[in-house]
Amino acid sequence: MHQLTLAEIARGLADKKFSSEELTKTLLARIAQLDPQLNSFITLTEDLALEQARAADARRANGETGALLGAPIAHKDLFCTLGVRTSCASKMLDNFKAPYDATVVAKLAAAGAVSLGKTNMDEFAMGSANESSYYGAVKNPWNLEHVPGGSSGGSAAAVAARLLPAATGTDTGGSIRQPAALTNLTGLKPTYGRVSRWGMIAYASSLDQAGPLARTAEDCAILLQGMAGFDPQDSTSIDEPVPDFSANLNGSLQGLRIGVPAEFFSEGLDARIAELIHNSIKELEKLGAVIKPISLPNMQHAIPAYYVIAPAEASSNLSRFDGVRFGHRCENPKDLTDLYKRSRAEGFGPEVQRRILVGAYALSAGYYDAYYLQAQKIRRLIKNDFMIAFNEVDIILGPTTPNPAWKIGAKNSDPVSAYLEDVYTITANLAGLPGLSMPAGFVDGLPVGVQLLAPYFQEGRLLNVAHQYQLHTDWHTRSPAGF
Ligand code: GLN
């Protein structure tokens, strides 16, 4: 039963082949048996899951239908969940139980999804390897010595290991697409504003966006449908109609114009990954797509701009964790300053502290113009590059990451080498565009992802292309040995 996709589960539940309660019990037992190898969950909510599963079964018995009704999922541990620990993988929030559900959590629960628990992640979503978690590193099910990517590494490892069919993630600079690529999943970062950020603990508010991680594009369509939509509680949510993603997966790719930017294939890309990406281009050509070489000339500035903007916003967002209102508080503070200083020094890990320092520096008087303002200007140039490219092409294609998953610990002494792994993903966040990563093959037994980018609100186009590709390839069906 654990091999079933969301789409297959929906059919099985509708045909009464099994109940949501049976499925939920099976998966909870599988998590108990296998997750000690992976560390993909921070909190399991068995009782809540069984309660939600029984409620979903009762709703189906009453004639209700719906692709998510009774479907098991899990949430990255930065979505607030009422009465359940929401830790952001930080000691700072180890004792924090959210007083409300995030919009994404509430919407999926209303659609009947069954939440099995909260998945591991990089602390405050800062990272690309899921090594900065207070609860320990997550292992990649394809090779337990390697990272699963980050920051949504727990969601990715759990879905890749068939502990559950799909999970939520968030993507500020690649944190859905990159772990999807490194674990052989399909992951989608929607257009900025498509999915509500209300109740998502903020990292960099102008970049953060929630989306689905699953094995197939078909399943991403189902999960995104339950997540997307205007939310008046999020001032950056956009009131744009949400199409029926599942109904639009079968469009023909005949004549689809795919732009391939030269900058995505420059120095730093593993040649074996380049070859797999070229194979996937050939596959799409067979389906009728037309390839056009394009250029995104300002891409080289994306990493420096991102690593100013994201830490700047993080330093501001994380100022709310002061040891006073919620979260970790140090013992026996001498005075208020001592309380702030020690609570934050004890509560935040090294990567989070590094980002707060960088961000506070970039925002300080005298440096604001030199760093933050410059970075915002680069952001506009990057967006303009995309706008020009999308006059000529329907989607843009390239690798998701320059390298396959690295060994746990390999980049610990060199944070900048980890930042460089985001080179292909962060432009979409800076521009606010939707992006998807899907399986494209293997290098040394480790999965490789191909990335698709589309104009604003064209998630449906990404899912359509990915679904057609998956009908003609079988990379996404491979599962890791031992799981
Ligand atoms: N790796 C990037 C960072 O560390 C992106 C993380 C994310 O998307 N949350 O900031």
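Read the numbers this way: they start at 1 and go in the same order the structure lists the ligands and their atoms. Counting from 1, the numbers follow the sequence of the chain as shown.
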Provide the number and element of each atom of ligand 1 under 4.0 Å from a heavy atom of Gly173. 5 (C), 7 (C), 8 (O)
salt_bridge(Arg194, Glu240) N-O dist < 4.0 Å: no
Give the atom numbers and elements of ligand 1 that come within less than 4.0 Å of a heavy atom of Tyr307. 1 (N), 2 (C), 3 (C), 4 (O), 10 (O)
For the residue pair Tyr307 / Asp422, report whether a side-chain donor-acceptor contact shorter than 3.5 Å exists. yes
Under the side chain to side chain donor-acceptor pair (under 3.5 Å) test against Ser155, which residue among Asn130, Thr119, Asn120 passes? Thr119
Provide the number and element of each atom of ligand 1 under 4.0 Å from a heavy atom of Ala125. 6 (C), 7 (C), 9 (N)
So which bit of Tyr419 gets within less than 4.0 Å of ligand 1, heavy atoms only: side chain, backbone, both or neither? neither
For Asn403 and Asp270, indicate whether the former's side chain and the latter's backbone hold a donor-acceptor pair under 3.5 Å. no
Answer yes if the side chains of Glu123 and Ser90 hold a donor-acceptor pair under 3.5 Å, and no otherwise. yes
Is the shortest N/O to N/O distance between Tyr203 and ligand 1 below 3.5 Å? yes
Does Arg85 pair with Asp77 as a salt bridge, N-O distance under 4.0 Å? no
Tell me, with the steps shown, if Thr86 and Thr81 meet side-chain hydrogen bond (donor to acceptor under 3.5 Å, both in side chains). CA-CA 7 Å; Thr86 300; Thr81 39; 3.2 Å; yes
Would Ala310 count as a contact residue for ligand 1, given that I'm defining contact as a non-hydrogen atom of the residue lying under 4.0 Å from a ligand atom? no
Indicate, as side chain, backbone, both or neither, the part of Phe124 found under 4.0 angstrom from ligand 1 when only non-hydrogen atoms are considered. neither
Atom 2 (C) of ligand 1: the protein heavy-atom neighbour that sits closest, reported with distance to 0.1 Å: Asp422 OD2, 3.1 Å
Aromatic plane relationship, Tyr367 with Tyr371 - under 30° parallel, 30 to 60° tilted, over 60° perpendicular: tilted
For residues Arg177 and Thr425, is any side-chain donor paired with an opposing acceptor at under 3.5 Å? no
Would you check whether Arg355 has a nitrogen or oxygen atom less than 3.5 angstrom from a nitrogen or oxygen atom of ligand 1? yes
In terms of residue, atom name and distance, what is the protein heavy atom nearest to atom 7 (C) of ligand 1? Ser175 OG, 2.3 Å
Polar contacts were defined as any N/O atom of the residue lying under 3.5 Å from an N/O atom of the ligand; does this apply to Ser128 and ligand 1? yes
Considering only protein heavy atoms, which is closest to atom 5 (C) of ligand 1, and at what distance to one decimal place? Tyr306 OH, 3.3 Å
Could you tell me whether some N/O pair between Met126 and ligand 1 is separated by less than 3.5 angstrom? no
